[in-house]
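Scroll down for the structure; my scribbles are underneath it.
Note that this is a predicted model, so its numbers are computed, not measured. Each chain gets a letter, A, B and so on, in the order its sequence line appears, and its residues count up from 1.
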2 protein chains.
Amino acid sequence: MEIIDSIQKMQETSNRLRREGKRIAFVPTMGFLHAGHLSLMQAAKKNGDVLAISIFVNPAQFGPNEDLDSYPKALESDLAKAKAVGVDIVFTPTKDQIYPDGFETYVQLERLPHHLCGLSRPVFFQGVTTVVTKLFNIVKPHVAIFGEKDFQQLAIIRRMVNDLNMDIEIIGGTLVRESDGLAMSSRNSYLSDTERKEALRLSQSLTKAQEMVADGERNSAALSAMVSAHIGDCPMAEIDYISVCDPDTLTEVETLTGPTLMALAVTIGTTRLIDNTVLIPS
Amino acid sequence: MEIIDSIQKMQETSNRLRREGKRIAFVPTMGFLHAGHLSLMQAAKKNGDVLAISIFVNPAQFGPNEDLDSYPKALESDLAKAKAVGVDIVFTPTKDQIYPDGFETYVQLERLPHHLCGLSRPVFFQGVTTVVTKLFNIVKPHVAIFGEKDFQQLAIIRRMVNDLNMDIEIIGGTLVRESDGLAMSSRNSYLSDTERKEALRLSQSLTKAQEMVADGERNSAALSAMVSAHIGDCPMAEIDYISVCDPDTLTEVETLTGPTLMALAVTIGTTRLIDNTVLIPS
């Protein structure tokens, strides 16, 4: 496994791999790797000849009152996990390389960011689309994999790749959960034991929503009310949003007529957690 | 010479050329080709194995009160000129292909557009950087050439390519003038005979500025005053801006201490013309 920390070296490596006719699969991450990330890498391994990942905590996607400075890091352990799952190249650029003095170019979408997480995190998606564009131009992958836990991010990346005619296949990786249902996330590491128990309310709500839809519920407000009550019962939980929306446009729907996204963002203590599921009325 | 009007076919062609180890040189244009464009193509021919050009009048870079509908077109004549200068591929996408329903992604810079032409044309540079990013992803050139007449555009493209880590060499083509000094531009075709004579005030002012600097003038205000008087003398001329600025940041300078850009935008009748020169105090 090769560790590359220079943009120039990474781009030269990708150029060489392409000249050799190799298909590059890419998983960008912010490190502190968990089973969710590793499942993306396993999917990537099946989709290319060479598996490259990046580890970069991207300052541009953190708001001024967010957790940029405390975001968890564990590079040595990340490298061991990456090696174990068959990663060929780990790209670890520094902030000064990615955002040198004078940097001023941004990639942004007009509509998709104005829903869900984009409403409480106004700079987030511009930070994501800008850094992902840069990483794509550096790593030059044929295929890239993003997790479905960050559903809005995946939708935005798909739209960006399409709109800007990037010649890259985007694959979504199925959401991975802990054995008790909690959606895997690097930020779960912030939770105290008590908070960790209360955090299950997110996944439990979504399971209940699936059951209600299987039993015939088609009214979004009824589903949202159930979730709101289940999470609101917990004094340390603060709901950011409960959304029942079109999975492509992310606009709210009143009635389920086809596959519908239910997405949540809840702060447990001081930790903001998200989760989602696609409800399929049959 | 191959004419390609589909994005998919263009991208497949570029992929094939790259697999064959060919170096792709690219000149994006809005058509109505003149000697300025052709000089860019001649420079491109020396810098690659295959010369591709695009002809696309980009709606996203025209403001609501600008000349999108009247922008001059002459495709047959353009194709003949391109063939004569050795173009291998002409890419002619339609507006619906470049901006399909649902398009919402833009590339924009924070600072460089807030000078010169960007002040009177607020959507212009975002339109340019977005379409050029798309064209670069479709045509996948190794090198691309942009004319120095559009000095701010060239500076913005260079910054964008650098900031987004695009693996493309950007070359500036020297400004080409008519025999009487008028900077070549597709929009010169709008000028009546009288307006065409008055339009020479732009290039004459810049020549005079060069002479003043050669004679020792270092004060920007003195240079601007000369230009303002020479152009202001003409009742059909309206000055948009006269700028004496740093060629890299485009910020105004009071005193010439090194290579300095003098850039003008003047409306003659109803036609907006630009011109520029780099003053070099010795």
Side-chain angles (χ1 to χ4, degrees), chain A residues 6-8 10-15 18-22 54 60 91 93 97-115 125-126 128-140 142 155-168 248-250, chain B residues 6-8 10-15 18-22 54 60 91 93 97-115 125-126 128-140 142 155-168 248-250:
Chain A
S6 118
I7 289 178
Q8 187 174 337
M10 183 68 243
Q11 215 172 46
E12 283 169 0
T13 300
S14 288
N15 283 338
R18 281 177 163 266
R19 276 196 307 272
E20 293 169 1
K22 299 277 168 54
S54 60
F91 176 46
Q97 287 188 46
I98 295 289
Y99 299 110
D101 281 345
F103 182 91
E104 65 168 284
T105 307
Y106 294 92
V107 177
Q108 67 183 28
L109 279 68
E110 284 192 322
R111 291 184 290 283
L112 280 173
H114 295 286
H115 302 278
F125 288 112
Q126 178 178 276
V128 170
T129 47
T130 300
V131 83
V132 170
T133 294
K134 287 165 63 65
L135 291 170
F136 281 172
N137 287 333
I138 294 167
V139 178
K140 304 193 182 192
H142 295 81
I156 283 169
I157 299 289
R158 287 191 192 282
R159 167 59 58 190
M160 175 187 82
V161 165
N162 215 283
D163 280 356
L164 297 185
N165 308 103
M166 295 179 179
D167 192 9
I168 299 170
D248 298 311
T249 62
L250 308 181
Chain B
S6 119
I7 289 178
Q8 187 175 339
M10 183 68 244
Q11 214 172 46
E12 284 169 0
T13 300
S14 289
N15 283 338
R18 278 176 164 266
R19 275 195 309 269
E20 293 168 1
K22 300 276 168 56
S54 60
F91 176 47
Q97 288 187 43
I98 295 289
Y99 299 110
D101 282 345
F103 182 92
E104 64 169 283
T105 308
Y106 293 92
V107 178
Q108 68 182 29
L109 279 68
E110 285 192 321
R111 291 185 289 284
L112 280 173
H114 295 286
H115 303 278
F125 287 113
Q126 179 179 275
V128 169
T129 47
T130 300
V131 83
V132 170
T133 293
K134 287 165 61 67
L135 291 169
F136 280 174
N137 287 333
I138 295 166
V139 178
K140 304 194 183 192
H142 296 80
I156 282 169
I157 300 289
R158 286 190 192 284
R159 167 59 57 190
M160 174 187 83
V161 165
N162 215 284
D163 280 354
L164 297 185
N165 308 103
M166 296 178 179
D167 192 8
I168 300 170
D248 298 311
T249 63
L250 307 181

Let's test your reading of the structure: which of D167(B), I138(B), I98(B), T249(B) forms the most heavy-atom pairs below 4.5 Å with chain A? D167(B)
Measure distances from I7(A) to the heavy atoms of chain B and classify the residue's part below 4.5 Å as side chain, backbone, both or neither. side chain
Considering non-hydrogen atoms only, spot the tightest contact between R159(A) and F103(B) and give its length. NH1-N, 4.2 Å
Quick one: pull up OG1 in T130(A) and CG in L164(B) and give me the separation to the nearest 0.5 Å. 7.0 Å
For the candidates M160(B), Q11(B), K140(B), which exhibits the highest count of non-hydrogen atom pairs separated by less than 4.5 Å from chain A? Q11(B)
Sort L112(A) into side chain, backbone, both or neither according to what part of it lies under 4.5 angstrom from a heavy atom of chain B. both
Nearest heavy-atom neighbours spanning K134(B) and N165(A): NZ-OD1, 2.7 Å
Rounded to the nearest 0.5 Å, the CZ atom of F136(A) sits from the CE atom of M166(B) at a distance of 13.5 Å
If you tally heavy-atom pairs under 4.5 Å against chain A, which of T129(B), T105(B), V107(B), N137(B) wins? T105(B)
Minimum heavy-atom distance G102(B)-R111(A), with the two atoms named: O-NH2, 3.2 Å
